[in-house]
Amino acid sequence: ELTVLLGHGTSHERLAQLEDVLRPMYESLPKQKDGGIDQGMARYALSRYFLAHRGWHIAGIAYDGQSWNASSSTPLLKSQMPSFIIETLEEHLARKHLGLEELAVLAATVEDLVHNEALQLLSMAYEAHNLSMHELLENEAQEDLVIRTFMLFYNMPWTQKDWNNSSALHKQLKSAHKNNPDWDATMLWVEDLKGAIKYQGRAE
């Protein structure tokens with residue numbers, strides 16, 4: 001039911017791989033009478049999976065002792081999915097415990113939402129500088145500008161309101177290190193990552 005509901009009806013190979021990754025942790029979790037895990041354990045499992053395999057800490061998924069359909073539990077999903085899907089999902093989770101297959105479907109759904117959000121921010125970063133994602137950037141300066149803008153939008157979401165205001169956006173970029181104490185460290189990490197990618201490209 002959830003496989004079709006959340007758009008993974010044809011993602012059999014991907015879901016099977018996710019099930020394989022999640023299975024050892026799933027089997028170690030306490031089960032309910034029907035053999036599944038409850039909402040709290042599902043959140044715990046997803047939180048551990050994303051932290052261990054993606055390095056992600058996603059607000060609304062980390063287990064805090066509340067049920068899945070508590071008011072604070074699904075902000076990420078609600079920001080990206082039609083309300084009727086959320087209502088159906090929460091109704092489903094409220095009345096039924098999750099099996100391994102359903103847990104894999106939810107993991108795939110969250111991965112897709114995070115990926116889509118990143119693409120949206122990247123597109124916004126390109127558009128903010130009148131650049132096209134469908135054309136190669138002309139030089140390293142353009143690459144650096146797009147990356148810095150993407151990281152600005154990602155780390156300081158309130159700056160996204162200035163995406164179509166060039167003057168305000170450049171001020172935000174210039175003062176980013178003042179508004180975010182971790183900005184310089186983040187950009188240093190980005191530079192290290194760029195270097196590693198270029199090195200890997202040359203090695204291949």
Side-chain angles (χ1 to χ4, degrees), residues 6-11 13-15 17-18 46-47 49-62 74-86 105-204:
L6 298 180
H8 299 289
T10 59
S11 308
E13 183 176 350
R14 179 189 178 195
L15 292 177
Q17 292 175 346
L18 277 170
L46 289 173
S47 180
Y49 165 75
F50 286 119
L51 192 59
H53 295 273
R54 296 288 184 268
W56 298 347
H57 180 84
I58 303 176
I61 286 184
T74 53
L76 173 66
L77 298 180
K78 286 183 177 176
S79 70
Q80 297 287 336
M81 297 174 68
S83 59
F84 80 93
I85 293 183
I86 293 301
V105 171
L106 290 177
T109 301
V110 174
E111 285 183 340
D112 288 348
L113 294 178
V114 173
H115 179 68
N116 290 339
E117 181 181 6
L119 284 179
Q120 290 174 8
L121 288 182
L122 184 60
S123 176
M124 188 184 298
Y126 269 81
E127 291 180 17
H129 303 291
N130 296 315
L131 298 170
S132 171
M133 290 182 64
H134 305 293
E135 299 177 4
L136 291 175
L137 296 176
E138 295 180 358
N139 50 54
E140 191 169 340
Q142 283 189 346
E143 292 179 5
D144 180 65
L145 184 59
V146 170
I147 291 172
R148 287 173 61 234
T149 303
F150 172 86
M151 296 306 296
L152 180 77
F153 290 160
Y154 179 81
N155 286 285
M156 291 174 269
W158 64 88
T159 64
Q160 295 174 24
K161 62 181 176 57
D162 294 325
W163 75 271
N164 60 347
N165 185 331
S166 179
S167 176
L169 181 58
H170 281 284
K171 288 180 180 179
Q172 294 280 17
L173 287 167
K174 190 174 182 180
S175 62
H177 67 287
K178 297 179 182 178
N179 297 325
N180 186 333
D182 297 324
W183 178 256
D184 289 338
T186 298
M187 296 314 299
L188 182 61
W189 171 80
V190 169
E191 289 302 315
D192 288 344
L193 182 60
K194 286 169 58 180
I197 293 173
K198 288 181 179 180
Y199 177 81
Q200 183 178 7
R202 288 195 297 268
E204 294 176 351

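Numbers here simply count residues along the sequence, with the first being 1.
For the pair Leu121 and Gln160, the minimum side-chain heavy-atom distance is below 4.5 Å. Counting heavy atoms from C-beta outward, Trp163 and Leu169 have side chains that stay 4.5 Å or more apart. By the 4.5 Å heavy-atom criterion applied to side chains, Arg14 and Glu111 are counted as neighbours.
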Worked verdict on Glu117 versus Tyr154 for side chain to side chain contact (heavy atoms under 4.5 Å, CB included): CA-CA 10 Å; Glu117 181 181 6; Tyr154 179 81; 6.0 Å; no
Arg54 and Tyr49: CA distance, side-chain angles, deciding distance, side chain to side chain contact (heavy atoms under 4.5 Å, CB included) verdict: CA-CA 8 Å; Arg54 296 288 184 268; Tyr49 165 75; 3.6 Å; yes
Stepwise side chain to side chain contact (heavy atoms under 4.5 Å, CB included) test for Leu136 and Gln142: CA-CA 10 Å; Leu136 291 175; Gln142 283 189 346; over 6 Å; no
CA sep, side-chain torsions, deciding dist, call: Thr159, Thr149, side chain to side chain contact (heavy atoms under 4.5 Å, CB included): CA-CA 10 Å; Thr159 64; Thr149 303; over 6 Å; no
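With Asn155 contributing its side chain and Met151 its backbone, the two residues share a donor-acceptor pair below 3.5 Å. Checking side-chain atoms of Asp144 against main-chain N and O of Glu140 turns up no donor-acceptor pair under 3.5 Å.
Between Lys194 and Glu143 there is no salt bridge, since no side-chain nitrogen of the basic residue lies less than 4.0 Å from a carboxylate oxygen of the acidic one.
For the pair Leu152 and Leu173, the tightest heavy-atom approach, listed with the atom from each and the gap, is CD2-CD2, 3.8 Å. The two atoms that bring Leu15 and Val105 nearest to each other are CD2-CA, 4.0 Å, heavy atoms only. In terms of heavy atoms, Met133 sits closest to Ser123 at SD-CA, 3.3 Å.
Using modelled atom types and a 3.5 Å distance limit, the side chains of Glu135 and Tyr126 yield no donor-acceptor pair.
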